[in-house]
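This one's a predicted model, so the numbers in the text were calculated from it and none came from an experiment. Side-chain atoms are counted along with the backbone in the values below, which use heavy atoms only and exclude waters and symmetry mates. Residue numbers start from 1 in every chain, and the chains themselves are labelled A, B, ... in the order their sequence lines are given, proteins ahead of strands.
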Amino acid sequence: MLDRAIIPNANTVVVLDFETTGLSPDMGDRAIEIGAVRIEQGEITGRFQALMNPGRRISSFIEDYTGITNHMLKEAPLCADVMCEFADFIKDYNLVAHNASFDKRFLDAELHKISRDYTGEFACSMLVARRLYQNAPDHKLGTLIKHANIPSEGTFHRALYDSEMTTKLWVSMLDVMQEQYGITKAPFKLLQTLAKTPKNSVRRLLERS
DNA sequence: TGCCAGGCCCTCTTTAGGGCCTT
């Protein structure tokens with residue numbers, strides 16, 4: 001068990017990304033792949049990647065969008081089995097995702113189906129990037145990776161690759177906070193606060209932190 | 001078979017509407 005009273009820093013988190021059958025678990029959509037990277041004190045200490053069989057065919061749009069095919073999912077373990085393992089992986093780490101409200105909905109829905117839970121809190125790399133990279137052309141993950149000069153050679157829209165890229169984006173934003181504001185060990189709570197701060201108040205928040 | 005979301009954020013705002021972001 002992590003002692004969250006001792007390690008509440010933003011550089012000790014699990015960064016995760018779901019590929020899914022659609023946009024809304026409330027409308028019956030399911031997860032089809034989970035990818036995640038665990039970092040502790042900024043160093044990668046674990047990775048998780050698994051396809052999962054949602055129990056029905058996925059649309060051609062999702063096959064094209066993700067490169068994940070119905071044939072691949074037919075051979076994959078069931079969502080319940082994968083999510084049980086994933087619940088063990090995230091333990092009580094704090095969690096990060098790009099547009100976290102999306103991934104949180106699917107994590108909550110899939111864990112609810114197997115009567116599992118988690119204690120970590122979410123922070124959203126997209127909302128933080130909107131504050132720290134206000135001049136980016138847009139705040140899609142791929143655009144931000146280019147904007148932050150982060151090398152990328154893989155294929156976006158696969159869960160592990162997107163979680164790897166989100167991890168690099170997250171670390172780059174912690175670097176920005178260190179270089180521009182002298183914040184060396186940003187508390188996770190500060191990143192959550194930053195994500196909700198009006199854009200014209202970002203400098204004031206970080207200068208007093 | 002066909003259809004579907006939701007939180008954030010800006011503005012021509014708050015008794016609203018629409019774009020952004022995720023699959």
Separation of the C1' atoms in B:dG17 and B:dT23, to the nearest angstrom: 24 Å
Closest nucleotide among B:dC9, B:dG6, B:dT23 to the A:Asp26 side chain: B:dG6
Nearest-angstrom distance, C1' atom, B:dG7 to B:dC12: 23 Å
Side chain proximity check, A:Met173 to A:Leu169, heavy atoms < 4.5 angstrom: yes
Nearest-angstrom distance, P atom, B:dG2 to B:dC21: 31 Å
Residues from residues 190-209 of chain A lying under 4.0 Å of DNA chain B - heavy atoms: A:Ala195, A:Lys199
Mutual orientation of the aromatic rings belonging to A:Phe86 and A:Phe18 [parallel < 30°, tilted 30-60°, perpendicular > 60°]: perpendicular
Among B:dG7, B:dC21, B:dA5, the one nearest A:Leu23 by side-chain distance: B:dA5
Distance, C1' atom - from B:dC8 to B:dT14, rounded to whole angstrom: 16 Å
Interatomic distance at P, B:dT15 relative to B:dC20, whole Å: 25 Å
Atom C1', compared across B:dC4 and B:dT11: separation rounded to whole Å: 28 Å
Tell me which donor-acceptor pairs under 3.5 Å the side chains of residues 141-148 of chain A have, and how far apart each pair is, sequence neighbours excluded?
from: A:Thr143; atom 1: OG1; to: A:Asp138; atom 2: OD1; distance (Å): 2.8
from: A:Thr143; atom 1: OG1; to: A:Asp138; atom 2: OD2; distance (Å): 3.4

